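Data first, discussion second: the structure below is written as structure tokens.
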Amino acid sequence: MRAAVQDLAYGTLRNLGLLEAVLAALLHKPVKPALYALLLAALYQLRARPRASHTTVDQAVRAVSRTEPAAKGLANAVLRNYLRDADALVARCDSEPAHYSYPQWWIDRVRAAWPQHWESILNAGNLHPPMTLRVNCRRITTAQYLATLAERGISGEAIGPQAIMIERPVPIESLPGFSAGEVSVQDAGAQLAAPLLDVHPGMRVLDACAAPGGKAGHILELADCALTALDSDPARTRRIDDNLARLGYAARVVCADCLAPAGWSDGALFDRILLDAPCTASGVVKRHPDIKWLRRESDIASLAAVQGRMLDTLWQRLAPGGKLLYATCSVFPQENAHTVESFLARSSGARLLPLAALADGQLLPDAQHDGFFYALLEKK
Ligand SMILES: C[S@@+](CC[C@H](N)C(=O)[O-])C[C@H]1O[C@@H](n2cnc3c(N)ncnc32)[C@H](O)[C@@H]1O
């Protein structure tokens, strides 16, 4: 039931651009928000499960009769009119937002930033996300874990040193060793962060925007270090504790604003800092399709300003010779390369280190992983 409701909600949001265009062609006057949403979900269901069209119309009309009885006839007419002329109707919805199912400003930004890749970036965001695991290399090897999965009838493929992509997603409770911390669920692109940070045993490490603790856990799997994990959101900070407890690692977990070091810093400097900054999350829309519709274009500049302030503040907490990894899950250069270029231009003593795996720091999203940006900065 939960899976079916999730598919309905996520599928509707993934295809919202087209569904809204189709509904606009079918409606002659505005309807109340609840009816509008229900019709969009019903249209998604009609497109996704054409063979069940009679059941879909029947259930949608019954739902309307419970919430807005007077609109029952209208809902019935709209959905039946769609079925009568579906292909021609969809063909007439030829605007870019209908075709790609993104707001126009988003399409324009991605096209301007990535003239060679813009369509594949947009299309990747409309795919179903894979389930990817991170194997805890301190407990078990990736090959051993793949064999354990196979014994349970779960097929997977190694797509990174610790990353296994599961062929068909399964509930996490059915993953062998999950509660014992042998494995975590984490996108393969996100798994690049901890190795890039180059942490060694005994180092003082700060994860400045750490919740829910995915990358913090990975850092501790790679090296026995003194980790401080900060996040400003109390509920999300509790999830860092839960994640680290499951993995069996300890860190100093603090709910605090990383922009106000007086609240969390004892004055000692860090050897490594991970700044996984708040961003538009434009690289992870296949996991969170609502992002496409909730973001405003103006968010990019506001977030870039915060990201710049975070870089300036945290840089002061980095020891000479130390490294700071700046990360976002965005594909907009304003939050990525531009943020880092502006920081380098106003800071003396900062050097951008080359990343062997990612020439320009940008990992563009595809079927296997989400989109991320990484920049490794060294303090001279
Ligand atoms: C991209 S998420 C971090 C994901 C995390 N690194 C992981 O791998 O699980 C960004 C986080 O930054 C936190 N955040 C936003 N503003 C902050 C601030 N001023 N100080 C500390 N944390 C902040 C948010 O609450 C959010 O949890």
Side-chain angles (χ1 to χ4, degrees), residues 129 132-134 136 160 162-163 172 181 183-197 199 205-222 227-247 249 251-265 270 272-285 287-288 291 294-295 299-300 302-317 324-332 335-336 339 363 365 369-375:
T132 306
L133 310 180
R134 184 188 77 231
N136 184 346
Q162 291 168 257
I172 47 171
V183 76
S184 301
V185 176
Q186 189 181 41
D187 181 77
Q191 292 188 36
L192 297 179
L196 286 174
L197 194 57
V199 176
V205 181
L206 173 67
D207 185 350
C209 293
K215 299 184 184 75
H218 197 188
I219 290 170
L220 290 164
E221 286 171 11
L222 294 181
L227 179 71
T228 298
L230 289 186
D231 202 279
S232 57
D233 181 318
R236 285 172 64 83
T237 304
R238 283 193 286 281
R239 293 180 60 198
I240 309 178
D241 287 316
D242 296 345
N243 268 320
L244 297 187
R246 184 181 60 82
L247 291 171
Y249 299 127
R252 181 180 162 240
V253 177
V254 188
C255 182
D257 179 355
C258 71
L259 286 166
W264 51 267
S265 167
F270 293 91
R272 297 285 184 268
I273 296 178
L274 172 61
L275 169 53
D276 191 10
C279 68
T280 55
S282 56
V284 295
V285 289
R287 287 180 205 285
H288 307 284
I291 288 173
L294 295 176
R295 284 280 169 240
D299 292 345
I300 299 176
S302 329
L303 284 159
V306 173
Q307 291 153 359
R309 282 188 9 242
M310 286 185 169
L311 269 172
D312 290 339
T313 305
L314 295 170
W315 192 250
Q316 306 306 318
R317 315 287 359 127
L324 182 152
L325 182 68
Y326 174 74
T328 74
C329 54
S330 175
V331 295
F332 297 133
E335 302 178 86
N336 297 339
T339 296
L363 182 73
H369 55 71
D370 293 331
F372 282 90
F373 174 80
Y374 293 110

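Since the model is a prediction, treat every value here as computed from it, not as a measurement. All ligand and atom numbering here is 1-based and tracks the order in the structure.
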Item to check | Criterion side-chain contact (heavy atoms from CB on, under 4.5 Å) on V205 and I273, from CA distance to verdict | outcome: CA-CA 6 Å; V205 181; I273 296 178; over 6 Å; no
Checklist entry - Under the salt bridge (charged side-chain N to carboxylate O under 4.0 Å, His left out) criterion, do D231 and R239 qualify, and how do the steps go? => result CA-CA 10 Å; D231 202 279; R239 293 180 60 198; over 6 Å; no
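Set against the non-hydrogen atoms of A208, the atoms of ligand 1 under 4.0 Å away are 21 (C), 22 (N). Per-residue contacts place D233 under 4.0 angstrom from the following atoms of ligand 1 (heavy atoms of the residue considered): 25 (O).
With R236, R239, K215, M310 as candidates, the residue nearest to atom 8 (O) of ligand 1 on a non-hydrogen basis is K215. Comparing C279, G263, A235, S232 by heavy-atom distance to atom 14 (N) of ligand 1, the nearest is S232.
Among all non-hydrogen protein atoms, the one lying nearest atom 5 (C) of ligand 1 is A211 O, 3.2 Å. Atom 12 (O) of ligand 1 has its closest protein heavy atom at C209 CB, 3.2 Å. The protein heavy-atom contact nearest to atom 26 (C) of ligand 1 is D231 OD2, 3.5 Å. Ranking protein heavy atoms by distance to atom 9 (O) of ligand 1, first place goes to G214 N, 2.9 Å. Distance from atom 6 (N) of ligand 1 to its nearest protein heavy atom, with residue and atom name: D276 OD2, 2.7 Å. The protein heavy-atom contact nearest to atom 15 (C) of ligand 1 is P278 CG, 3.6 Å. Shortest contact from atom 20 (N) of ligand 1 to any protein heavy atom: C258 N, 2.9 Å.
Contacts with ligand 1 closer than 4.0 Å are made by no heavy atom of A216, backbone or side chain.
No hydrogens or angles considered: nothing links the side chains of T280 and D299 as a donor-acceptor pair under 3.5 Å. Between the side chains of E335 and T328, not a single donor N or O lies within less than 3.5 Å of an accepting N or O.
When all heavy atoms of C279 and L303 are compared, the closest pair comes out as C-CD1, 3.5 Å.
Proximity of a side-chain donor or acceptor of R134 to a complementary backbone N or O of G214 within less than 3.5 Å is detected.
Using a 4.0 angstrom heavy-atom cutoff, A256 counts as in contact with ligand 1. Judged by the shortest distance from any of its heavy atoms, D257 lies inside the 4.0 Å radius around the atoms of ligand 1.
For L230, no nitrogen or oxygen atom sits less than 3.5 Å from a nitrogen or oxygen atom of ligand 1, counting backbone and side chain alike.
In this structure, E221 CD and Q162 CD are separated by 6.0 Å, a value rounded to the nearest 0.5 Å. Of the inter-residue distances, the one linking L196 atom CG with K215 atom NZ reads 11.5 Å to the nearest 0.5 angstrom. Going from atom OG of S302 over to atom CD of Q307 covers 10.0 Å, rounded to the nearest 0.5 Å. Residue D207 holds its CG atom at 9.0 Å from CG of L275, rounded to the nearest 0.5 Å.
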